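Report on the following structure.
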Amino acid sequence: MQLKPHSRIVLKIGSNLLVEGGAPRSGWLSGLAADVAGLSADGHTLVVISSGAVALGRAALGIGTRGLSLPEKQAAAAVGQISLAQTWRDALAESGLKAAQVLLTSEDTEDRKRHLNARATLNTLLDAGVIPVINENDTVATAEIRVGDNDRLAARVAQMLGADVLILFSDIDGLYTSDPRHDTAAQHIPHVPHITPELEAMAGGAHNHNSTGGMHTKLAAAKIATAAGCAMIIANGTTAHPLKALLDNGLHTLFAPTTTPLSARKKWLAGMLHLSGEIIVDDGAAKALGMGKSLLPAGIVALHGDFERGDGVAIKDKTGVLLAKGLSAYDRADAEKLIGKQTRDIEAVLGYAGSLEVVHRDDYAWLR
Ligand code: GLU
């Protein structure tokens, strides 16, 4: 499989690959980390979603393989996450990479304000050349705010970061017409242009105590990713150097994106129904927005309504014509202080180093 130059890649590693007999598979992980380092040296950007906290915590607590209640799972995750993060830090360090631990809940990827915060942190880490290693924040994730499985979490992260490709490493090399472990006639499906009801009917459930997701959760992830303009791949990660093997023509299933990341986002922004406020801009800013540039404080002439950071706002010109819908990087009170100000003055005006744009170029849809 071919990567386009400077791809943004989200890599999801399941517990079964990472943990064996209650301990991390360090040798295998070293190989994977070396692959990650190779791709990053080639100019690609990588983010890891790693499971394994519950599996490692189970072993540390001596729980064995029985089914766990939600609080027990959360407790196991709290114990195991420490070793999981340490395992990744050590493996990436061997290949000269720095790791960051990021724990998210579904609220962090769905709520707009938290989404902006999480995205900004992840982008800052990526700009600094750090590999974020993400897991669900299992300790605080009660039923309502749980993503539930890391396949879906990985897809949400891919969507949030505008990733080009999401790779789900599994113990199977893709989607089959039936379960190849039980049916010798099962055929591999290399390419999925659209997720159809027939395809969904083919997907089975989870099949062992360490993995939350089966093909069903992988298809749910594929729906989120492809609608966000991100290709998704399911490949077998069990071999040594699994990323290299995949790129050297390894067998896999590719789910094709149904749009581009930017147009998916712009469509979503253009379709926002609830707008909490209005930003009125001068002619210079209107022109800059029309050319796809960010909205800077200097171009703002007035504000209306009460909005929070991350809320949807209408951007209008001085005659009241709706130019764009976007997400404000500031709440009304701070945006008010910034009206007409120069970017270099933001810190002095607010007393903290806020974002340089009031609406970032990726966060509005031009409607004219
Ligand atoms: N967050 C869980 C863990 O780290 C795994 C969830 C999943 O694999 O889907 O153990």
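Just so you know, these numbers come straight off a predicted model, no measurement behind them. In listed order, ligands and their atoms are each counted from 1.
For a threshold of 3.5 Å applied to N or O pairs, the pair formed by Asp138 and ligand 1 contains at least one separation below that value. Every N/O-N/O distance between Ala55 and ligand 1 stays at or above 3.5 Å. Residue-to-ligand polar distances keep Ser50 apart from ligand 1: every N/O pair is separated by 3.5 Å or more. For ligand 1, the polar-atom distance check finds no N/O of Ser15 at less than 3.5 Å from any of the ligand's N/O atoms.
Classification of Arg152 and Glu136 as a salt-bridged pair fails, no side-chain N sitting under 4.0 Å from a carboxylate O.
Side-chain contact of Thr124 with Thr121: a donor-acceptor pair under 3.5 Å is absent, judged by distance alone. Neither side chain, Asp311 nor Tyr330, offers a donor N or O lying under 3.5 Å from an acceptor on the other.
We find the CG-OG distance between Asp171 and Ser15 to be 11.0 Å, quoted to the nearest 0.5 Å.
Heavy-atom contacts of Asn135 reach the following atoms of ligand 1: 1 (N), 2 (C), 3 (C), 4 (O) (cutoff under 4.0 Å). Near Asp149, with a cut-off below 4.0 Å to any heavy atom, the atoms of ligand 1 are 9 (O).
Leu296 and Leu116 are assigned to two separate hydrophobic clusters, defined by single-linkage of ILVMFWY side chains at heavy-atom distances under 4.5 Å.
In this structure, the side chain of Ser294 engages the main chain of Arg361 through a donor-acceptor pair within 3.5 Å.
Contact annotation: Gly52 has at least one heavy atom less than 4.0 Å from an atom of ligand 1.
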